Amino acid sequence: MEKKAKADSYYRDVFHRFTSHRLAMVGTVIILIELLAVIFLPMVMELDPYTSDVWAFNAAPSKDHILGCDDLGRDVFARLVYGGRVSLQVGLISAVISLIIGLPLGLIAGYYGGIWETIIMRSADIFMSFPSMILILVLVAIFGPSVWTVTLVIGVLGWTDFAKLMYGNVLSVKNKEYVESAKAIGTKDFRLLVKYIIPNSFAPVLINFTFRTAGAIISESSLSFLGMGVQPPEASWGNILYAAQSIVVLSQRPWLWIPPGILLVLTVCSINFMGDGMRDALDSKMKIRK
Amino acid sequence: MSDNVLLSVKHLTKNYVSKKSFFGKPLSYVHAVDDVSLDIFRGETLGVVGESGCGKSTLGRSILRLIEPTSGELIYNGKDLRGLNKEEMREMRKKLQLIFQDPYASLNPRMTVLDLIKAPLDVFNIGTHDERIERVLEMMKLVGLTEEQMNRYPHEFSGGQRQRIVIARAIILSPEFVVCDEPVSALDVSVRAQVLNLLKELQAKRNLTYMFISHDLSVVKYISDRIAVMYLGRVVELATKDALYDTPLHPYTKALLEAIPLPEVGRKRSGMQLEGDVPSPINPPSGCYFHTRCPYAKDICSKEKPELKEGRPGHWCACHFA
């Protein structure tokens, strides 16, 4: 029993290092609060992001509408909560899609080399040589804007990051002596990849995952801001900001664009802080900070 | 004598392509190991010495087929290792092990000592979970580690202790033949002797055959029964330890022995000293590879390649004048 408990001590150390990283903890708390809010607030409060309050077009914050209303009289707070669902979901799912495509490809390119390397890495170069925003706009125009097309397009186009990262890591890890020593004891390829190469490339991939999530949230917001992303009446932080394209809104109705703007910045920063914290925590050579 | 041979290396060669044309056609090669033939006897320690870059490590790795040799035969217990397919070779690795130079690099930082030493058992699916742990503990005790250290990670250990972990992993499958690739070069002088003695002790207890690669003549002298001297990918002299140190035949060996620093005040260098650098293995000199630096070189040396001949019984040398 005791042996088992001790074997987990690496992960306990990682956890400990992560929790003692101040900024990472701040980020984690903010993200947790956001997640809890967007998931549970609609259940406990009466939030309606779609119905117009005909008495409250462009209304300033008040007791009824704590963050005011937009030009169609819809409650901004309710739209922020529902928009948060969409934005966080797009961010996470598209990062997962990028990871699922990019990780194995990078692994294969790096480990087997040769023709695999040429095909995979050169396609990555080709993908990366397109200005991604234009490509995304074109694809969204072809497939029609919706939450799922946006998620899919951002996710699929993000594979190059993971592939390049994994490729580079595999190249450096596979020439390490411990990999050679694993070969010397007769370890098969699959086991070598799973037990030696992936765990030793895991930290940068995880960190990149957080940055990718943050990047995807920004991409989604940019698209929605341009009107090519999530389509009204459905809300996302980006298309709430869409309103700020008008100079009147920008100068006279700050409640329409400051809250989603702050939320975006806060979310992206928090995710990046979590990434930094994870990097330090996963480095087994780091001493635990007192 | 010949049934005592555990491993017979015949004309082993390893070339690397060093330059390719635009279309990928090889233009020049590095001759890392060049036509090496030697026998390794059961239970002995064969030392391999040479300057850095002379192909000692490549030789060791080619013998285990961790680097695929370009040509040659590796007759192990009467079977040619190079004739084995991937799966048969994998099975063979139970008998053939390698101890690495740098214990800081040769242990996976993400695995505990238990998992590290247990890895060969996991790979070959030997025994139940509990049996494996028992076997690991037995090995740890054998190499001088304590049971409490089982769940620690390699970075928590000193160099000497890590090398003990590496050794424990190498011998857990009860191999017959272990290539030790500079196992003590990365260690402090103070722990070198401990690790060397551990290797010797294990050899006696478990009937191991070692190929001990090192650039350190004193270490090789301490541990080896026979010694092979390598220069530019070739074996230039092969003899028992005493014969090699007392009556070296090859001028290169003489120069190497001369270069050992002795703690003696006012000692004069009597014999020869080497000048110049080792020639490039991409364009090795013609004839005897050593003739460019050899003080005794004659015409024939630059024209004809000397064969490794048995000058005296059991004492082989590749020199026209030995």
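So that the names make sense, note that chain A is the first sequence line, chain B the second, and so on, each numbered from 1. These numbers were taken from a predicted model, which means no experiment stands behind them.
Looking at B/Lys86, only its side chain comes within 4.5 Å of chain A, counting heavy atoms on both sides. At a 4.5 Å heavy-atom cutoff, B/Leu64 makes no contact with chain A through either its backbone or its side chain. The part of B/Met111 that comes within reach of chain A is its side chain, from C-beta onward, which places non-hydrogen atoms under 4.5 angstrom from that chain.
Most heavy-atom pairs under 4.5 Å with chain B, from the set A/Ile185, A/Val173, A/Asn200: that is A/Ile185. For the set B/Val123, B/Leu116, B/Asn108, the count of heavy-atom pairs under 4.5 angstrom toward chain A peaks at B/Asn108. Interface check for chain A: of the options B/Leu114, B/Leu96, B/Asp122, the most heavy-atom pairs under 4.5 Å are formed by B/Asp122. The residue among B/Tyr104, B/Phe124, B/Phe100 with the most heavy atom pairs within less than 4.5 Å of chain A is B/Phe100. Contacts with chain A were tallied for B/Ala119, B/Ala170, B/Ser106; B/Ser106 has the most, counting heavy-atom pairs under 4.5 Å. Ranked by heavy-atom pairs under 4.5 Å with chain B, the list A/Glu180, A/Arg191, A/Lys183, A/Lys176 is led by A/Glu180.
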Go through the steps to decide whether B/Asp216 and B/Arg192 satisfy the test side chain to side chain contact (heavy atoms under 4.5 Å, CB included), and finish with yes or no.
-> CA-CA 12 Å; B/Asp216 187 332; B/Arg192 266 185 204 176; 3.4 Å; yes
Applying side chain to side chain contact (heavy atoms under 4.5 Å, CB included), run through B/Arg65 and B/Arg93 and close with a yes or a no.
-> CA-CA 10 Å; B/Arg65 280 187 67 194; B/Arg93 298 209 182 279; 4.2 Å; yes
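A/Arg212 and A/Asp161 are joined by a salt bridge, as a carboxylate oxygen and a charged side-chain nitrogen come within less than 4.0 angstrom of each other. Salt-bridge check for B/Asp181 with B/Lys56: failed, with every basic side-chain N at 4.0 Å or more from each acidic carboxylate O.
Of the listed residues (B/Glu176, B/Arg82, B/Lys95), just one forms a side-chain hydrogen bond (donor to acceptor under 3.5 Å, both in side chains) with B/Tyr76, and that residue is B/Glu176.
A cation-pi contact, defined as under 6.0 Å to the ring centre and within 45° of the axis, links B/Lys14 to B/Tyr16.
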